[in-house]
Amino acid sequence: MIRFVSFEGGDGTGKTTQIRALESYLRSRGRSSLATREPGGTSLGKLIRKVLLEVGDHEIAPSTELFLYLADRAQHVSEVIRPAIDAGKIVLCDRFTDSTLAYQGYGRGIDVALLRLFNDVADHGVRPDLTFLLDCPVALGLARTNQRQREAAQPREDRFEREKIEFHEKIRAGFLAMARAEPARFRVIDAAQAAEDVARDIQKIVDQEIF
């Protein structure tokens with residue numbers, strides 16, 4: 001039974017848009033769901049998100065970055081994700097453990113096997129039943145992010161958006177490697193398509209897996 005669905009992908013792949021679309025679709029089919037995100041899915045998480053993503057003068061060491069994300073996840077699972085699953089809701093999560101492996105592992109170079117052990121502690125044994133990997137060329141994703149910043153009333157660049165394109169290429173490669181390793185859980189979606197086409201592809205899979 002599908003109770004926990006995660007959305008993964010690099011910057012600008014449209015995860016937030018697709019979670020909203022799927023939440024609406026599930027509602028139209030009479031299914032109760034909860035949309036949440038990492039970092040920032042709890043009150044504590046919002047403070048951690050501010051530290052992690054807002055641009056500042058101080059660099060954050062990779063290990064510090066890692067433990068902040070893990071702290072956010074531990075609280076998120078305990079306070080939001082597990083209670084929602086227990087209540088019978090389908091949880092739609094914008095990023096989860098795979099993002100730690102992609103960003104801090106493949107991107108920052110921290111040992112992936114070690115990260116999996118840390119994830120085991122932080123996620124309290126809660127794992128996604130289904131993961132949508134929204135994949136598109138890095139240059140396209142970053143262009144979308146830049147466009148969004150230009151259109152925002154209060155533009156706010158995060159630390160990851162300042163990283164070199166090579167960093168984002170490593171992350172994309174990491175996500176795709178994880179998808180190849182776990183084909184039963186991952187569904188790779190072509191996020192270079194128009195948003196409505198991406199949503200339609202996701203709905204087809206949901207129809208097969210949930211309904």
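Criterion: ILVMFWY side-chain heavy atoms under 4.5 Å apart, direct or through other members. Under it, Leu92 and Phe186 are not part of a common hydrophobic cluster. Under the 4.5 Å side-chain heavy-atom criterion for Ile, Leu, Val, Met, Phe, Trp and Tyr, Leu130 and Val91 are members of distinct hydrophobic clusters. When hydrophobic clusters are built by joining Ile, Leu, Val, Met, Phe, Trp and Tyr residues whose side-chain heavy atoms come closer than 4.5 Å, directly or via intermediates, Met178 is grouped together with Leu114. A chain of hydrophobic side-chain contacts below 4.5 Å, direct or via other Ile, Leu, Val, Met, Phe, Trp or Tyr residues, connects Val112 to Leu70.
In this structure, the separation between OG1 on Thr131 and CD1 on Ile189 is 11.5 Å, given to the nearest 0.5 Å. Rounded to the nearest 0.5 angstrom, Ile210 CD1 and Ile90 CD1 are separated by 4.0 Å.
Using a 4.5 Å heavy-atom threshold, the side chains of Leu26 and Leu22 count as touching. The side-chain heavy atoms of Leu134 and Ile202, taken from C-beta on, include a pair separated by under 4.5 Å. In this structure, Arg116 and Asn119 have side chains that are not in contact, with every pair of non-hydrogen atoms separated by 4.5 Å or more. Two residues are said to be in side-chain contact when any heavy atoms from C-beta on lie closer than 4.5 Å; Val5 and Asp129 fail this criterion. At least one side-chain heavy atom of Leu66 sits under 4.5 Å from a side-chain heavy atom of Leu115. Annotation: side chain of Glu8 is not in contact with side chain of Asp94 (no heavy-atom distance under 4.5 Å). Taking the side chain as every heavy atom from C-beta outward, Leu133 and Arg187 never approach each other to under 4.5 Å. Taking the side chain as every heavy atom from C-beta outward, Pro39 and Tyr69 approach each other to under 4.5 Å.
Shown here is Arg127, whose CZ atom has more than 12 heavy atoms of other residues, nucleotides or ligands within 6.0 Å.
For Asp120 (side chain) and Gly125 (main-chain N/O), no donor-acceptor pair under 3.5 Å exists by modelled atom type. Checking side-chain atoms of Ser24 against main-chain N and O of Ala21 turns up no donor-acceptor pair under 3.5 Å.
Looking at Arg73 and Asp98, no side-chain N of the basic residue comes within less than 4.0 Å of a carboxylate O on the acidic one, giving no salt bridge. Note on Glu38 versus Arg49: no salt bridge recorded, every NZ/NE/NH1/NH2 to OD/OE distance being 4.0 Å or above. Looking at Asp207 and Arg29, a side-chain N of the basic residue comes within less than 4.0 Å of a carboxylate O on the acidic one, giving a salt bridge. A salt bridge links Arg200 and Asp197; the closest N-O separation between the charged side-chain nitrogens and carboxylate oxygens is under 4.0 Å.
For an aromatic pair to be called close, the ring centres must be under 6.0 Å apart, and Phe67 with Phe118 satisfies this. Ring to ring, Phe7 and Phe96 are not that close: their centroids are 6.0 angstrom or more apart.
Between Ile171 and Ala102, the shortest heavy-atom distance links the atoms CG1-O, 3.7 Å. Val188 and Ala179 get closest at one heavy-atom pair: CG2-CB, 3.7 Å. Taking each heavy atom of Gln193 and Arg144 in turn, the nearest pair found is O-NH2, 3.6 Å. Counting all heavy atoms, side chain and backbone alike, Ala177 lies closest to Tyr106 at CB-OH, 3.9 Å. For the pair Ala195 and Gln18, the tightest heavy-atom approach, listed with the atom from each and the gap, is O-NE2, 3.1 Å. The two atoms that bring Thr42 and His76 nearest to each other are CG2-CA, 3.8 Å, heavy atoms only.
For residues 163-182, the set of pairs meeting the salt bridge (Lys or Arg N to Asp or Glu O under 4.0 Å) definition, not counting sequence neighbours, comprises Arg108-Glu163, Asp135-Arg172, Glu182-Arg185.
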Step by step, would you call Thr16 with Arg37 a side-chain hydrogen bond (donor to acceptor under 3.5 Å, both in side chains)?
-> CA-CA 9 Å; Thr16 302; Arg37 68 176 182 177; over 6 Å; no
For the pair Arg31 and Phe211, evaluate side chain to side chain contact (heavy atoms under 4.5 Å, CB included) and give the outcome as yes or no after the intermediate values.
-> CA-CA 10 Å; Arg31 298 300 296 268; Phe211 297 109; 3.3 Å; yes
In a table with atom names and distances, give each donor-acceptor pair under 3.5 Å that connects a side chain of residues 78-89 to protein atoms at least two apart or in another chain.
{"residue": "Glu79", "atom": "OE1", "partner": "Gln75", "partner atom": "NE2", "Å": "2.8"}
{"residue": "Arg82", "atom": "NH2", "partner": "His124", "partner atom": "O", "Å": "2.6"}

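A search for salt bridge (charged side-chain N to carboxylate O under 4.0 Å, His left out) contacts involving Arg3 returns nothing, not counting sequence neighbours.
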